[in-house]
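Here is the naming used below: chain letters follow the sequence lines, and residue numbers restart at 1 for every chain. All figures in this text were calculated on a predicted structure; none of them were measured in a lab.
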Amino acid sequence: MQYWLMKSEPSTFGLKQLAAAPRRTTGWDGVRNYQARNMMRDEMKKGDQAFLYYSSTEEPGIAGLMRIVKTAYPDPTAFDRKDHHYDPKSDPENPTWFMVDVQLERALKRIITLEELRAHENRELKGMALLRRGNRLSITPVSAAHWKFILALE
DNA sequence: GCCAACGTTGGC
DNA sequence: GCCAACGTTGGC
């Protein structure tokens, strides 16, 4: 089993929407970056766990735990002219963009902030992709050791 | 709102 | 294939 971190802006999508969704499950659509797509499409497996990370907010950090409940399938928002993530270059016969389904496992008891993660970036969390300088990827892998350590911080 | 970092686009 | 221009991300 693998572990992941998936970014979302809480003003757009967060725990509230996820908790209210049927079966607390939603499609993680709108990813338009090739590296992130490749990880979703080629590496994410059913049963993998993921952190829900809040970005572009007063207090960036990890807010919840999710599970991958459906492996990659074509992202229909890429074909919807009215959708903000519409991509005219993506051919429905040979889709460019993919999504997975995630289920909310639980909210964390508190947000584990980016600041707190950074406090460990040279020791326990050394090498964590999220903390790499200039990182902008919306989906990054998390090692089992890092996953365990972060949960222990909670 | 600023801006560094990085991905994408398109002219050549 | 190079690279300047441009757009986006995301912390601060």
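- Against DNA chain B, the stretch residues 48-64 of chain A makes no heavy-atom approach under 4.0 Å.
- Contacts between residues 117-136 of chain A and DNA chain B, defined by a heavy-atom separation below 4.0 Å, involve A:R133, A:G134, A:R136, listed by number.
- Among residues two or more places apart in sequence or in another chain, the ring pair (Phe, Tyr, Trp, His ring centres under 6.0 Å) test is passed with A:Y54 by none.
- Not counting sequence neighbours, the partners of A:H120 by the ring pair (Phe, Tyr, Trp, His ring centres under 6.0 Å) test are A:F149.
- The pair A:E154-A:R106 meets the salt-bridge criterion, since a charged nitrogen lies less than 4.0 angstrom from a carboxylate oxygen.
- The outermost nucleotides of DNA chain B lying under 4.0 Å from heavy atoms of chain A, listed 5' to 3', are B:dA5 to B:dT9.
- Take A:E116 and apply the side-chain hydrogen bond (donor to acceptor under 3.5 Å, both in side chains) test, not counting sequence neighbours, and it matches A:R110.
- The side-chain hydrogen bond (donor to acceptor under 3.5 Å, both in side chains) search around A:E43 returns none, not counting sequence neighbours.
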Residues 87-96 of chain A, side-chain donor-acceptor partners within the protein, below 3.5 Å, at least two apart:
unit_1: A:D87; atom_1: OD1; unit_2: A:K89; atom_2: N; d: 3.0
unit_1: A:D87; atom_1: OD2; unit_2: A:W97; atom_2: NE1; d: 2.7
unit_1: A:S90; atom_1: OG; unit_2: A:T96; atom_2: N; d: 3.1
unit_1: A:S90; atom_1: OG; unit_2: A:T96; atom_2: OG1; d: 3.4
unit_1: A:D91; atom_1: OD1; unit_2: A:E93; atom_2: N; d: 2.9

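- The side-chain hydrogen bond (donor to acceptor under 3.5 Å, both in side chains) search around A:S143 returns A:H146, not counting sequence neighbours.
- Partners of A:Y34 by side-chain hydrogen bond (donor to acceptor under 3.5 Å, both in side chains), not counting sequence neighbours: none found.
- Considering only residues two or more places apart in sequence or on other chains, A:R136 meets the side-chain contact (heavy atoms from CB on, under 4.5 Å) condition with none of them.
- Connectivity analysis of hydrophobic side chains (ILVMFWY, heavy atoms under 4.5 Å, direct or indirect) links A:Y73 to A:M99.
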